[in-house]
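Remarks on the structure that follows.
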Amino acid sequence: MTNDPLADAHRAIGAFFCAFSRVEHELGEGVKAVYGLQNNDASDAIVAALGDVARKANLVWAAGKGARNPDGSEASAEWKAKVEVTIGRVLNCNQHDRVPLAHSLLQPNADGSVDLVRLKIDQGEVRGKDGVKWSKDDFGEKIERSNKLAGIVRLNSILPAGASG
């Protein structure tokens, strides 16, 4: 064990990124599935080239809108709505959780919280100087939400068996 008073904050940061990385991985698998790339030797390269989480999410979303069942019939409106809600949750988590944590100055605190300071220019004004604090509980909620989201995005949850875009 370490006597580092910031260890809890450091662990929380790492735990969040591990949890979110599973969301991004499942999105990549979703891209492969909706575009029929599962057996393509270049599938990993294609997903890697997309890079950005939002780009992957939007590709899955776009494919979901035109998805077909294995018999060629159009996927149900209910299923398409499920995809839209799920991808919306991914994009929201990315924008409000991952991006601020990845692109802020992180100032861990001894109580396990982390201050995030992210300067942005908005309508000619510098904003974000005061930053925001993520408590240990905030991290716990965000980690749990990412873990659940990864399960929802998982191929069998978001895509009907054999569906294609």
Indicate yes or no for a side-chain donor-acceptor contact from Asn94 to the backbone of Val90 under 3.5 Å, with no hydrogens or angles considered. no

May I ask you to test the Lys82-Glu84 pair for a side-chain heavy-atom distance under 4.5 Å? no

Quick one: CZ on Arg127 to CG on Leu119, what's the gap to the nearest 0.5 Å? 12.0 Å

With distance as the sole test, does Ser104 use its side chain to make a donor-acceptor pair with the main-chain N or O of Leu101 at under 3.5 Å? no

How close do Val117 and Gly128 get, counting heavy atoms only, and between which atoms? CG1-O, 3.7 Å

Please indicate whether Lys80 has more than 12 foreign heavy atoms, meaning atoms of other residues, nucleotides or ligands, lying under 6.0 Å from its NZ. yes

Salt bridge (Lys or Arg N to Asp or Glu O under 4.0 Å) between Asp8 and Lys136, worked out: CA-CA 8 Å; Asp8 286 345; Lys136 283 176 79 170; 3.6 Å; yes

Just by modelled atom types, is the Arg89 backbone N or O under 3.5 Å from a matching donor or acceptor in the Asn92 side chain? no

May I ask you to decide if Leu59's main-chain N or O and Tyr35's side chain share a donor-acceptor pair within less than 3.5 Å? yes

All heavy atoms of Trp79 vs all of Gly64, minimum pair found to be CZ3-O, 3.5 Å

If you compare all heavy atoms of Arg98 against all heavy atoms of His103, which two are closest, and at what distance to 0.1 Å? NH1-NE2, 4.3 Å

Working to the nearest 0.5 Å, report the span between CD of Glu24 and CG of Leu149. 12.0 Å

When rounded to the nearest 0.5 angstrom, what distance separates CZ in Phe17 from OG in Ser146? 10.0 Å

Can you name the nearest heavy-atom pair linking Leu106 to Pro108, along with the distance? O-CD, 3.4 Å

May I have the step-by-step check of side-chain contact (heavy atoms from CB on, under 4.5 Å) for Leu105 and Gln107, ending in yes or no? CA-CA 6 Å; Leu105 169 63; Gln107 299 172 318; 3.6 Å; yes

For the residue pair Val114 and His10, establish whether any side-chain heavy-atom pair is separated by less than 4.5 Å. no

Would you say CG of Asn39 has more than 12 non-hydrogen atoms from neighbouring residues, nucleotides or ligands within 6.0 angstrom? no

Between Trp61 and Thr86, is the side-chain contact (heavy atoms from CB on, under 4.5 Å) condition met? List the steps. CA-CA 9 Å; Trp61 191 3; Thr86 300; over 6 Å; no

CA sep, side-chain torsions, deciding dist, call: Arg22, Asn147, side-chain contact (heavy atoms from CB on, under 4.5 Å): CA-CA 7 Å; Arg22 286 188 288 281; Asn147 282 329; 2.5 Å; yes

Below 4.5 Å, heavy atoms only, C-beta onward: do Lys133 and Asn109 meet side chain to side chain? yes

Interatomic distance, CZ@Arg55 vs CG@Leu50, rounded to 0.5 Å, equals 7.0 Å

Side chains of Leu37 and Ile46, heavy atoms from C-beta outward: is any pair under 4.5 Å? yes

Roughly how far, to the nearest 0.5 Å, is the CD atom of Glu26 from the OG atom of Ser21? 10.0 Å

Is there a side chain to side chain donor-acceptor pair (under 3.5 Å) between Asp111 and Ser113? Walk through the geometry before answering. CA-CA 6 Å; Asp111 66 356; Ser113 68; 2.5 Å; yes

Walk me through whether Asp97 and Arg145 qualify under salt bridge (Lys or Arg N to Asp or Glu O under 4.0 Å). CA-CA 10 Å; Asp97 296 344; Arg145 182 169 49 241; 3.0 Å; yes

If hydrophobic clusters are built by linking Ile, Leu, Val, Met, Phe, Trp and Tyr wherever their side-chain heavy atoms come under 4.5 Å apart, do Ile143 and Leu6 end up in the same one? no

Calculate, to the nearest 0.5 Å, the distance between atoms CZ and CD belonging to Arg154 and Glu29 respectively. 10.5 Å

As a quick check of understanding, evaluate side-chain contact (heavy atoms from CB on, under 4.5 Å) for Phe20 and Val53, giving each step before the final call. CA-CA 10 Å; Phe20 194 85; Val53 173; 3.8 Å; yes

When every non-hydrogen atom of Ala63 is compared with those of Val34, the smallest separation belongs to CB-CG2, 3.5 Å

Looking only at heavy atoms, what is the nearest atom pair of Pro100 and His96, with distance? CG-O, 3.5 Å

Above 12 or not: heavy atoms from other molecules or residues under 6.0 Å from CG of Asp41? no

For Ser73 and Asp71, does a side-chain donor sit closer than 3.5 Å to a side-chain acceptor? yes

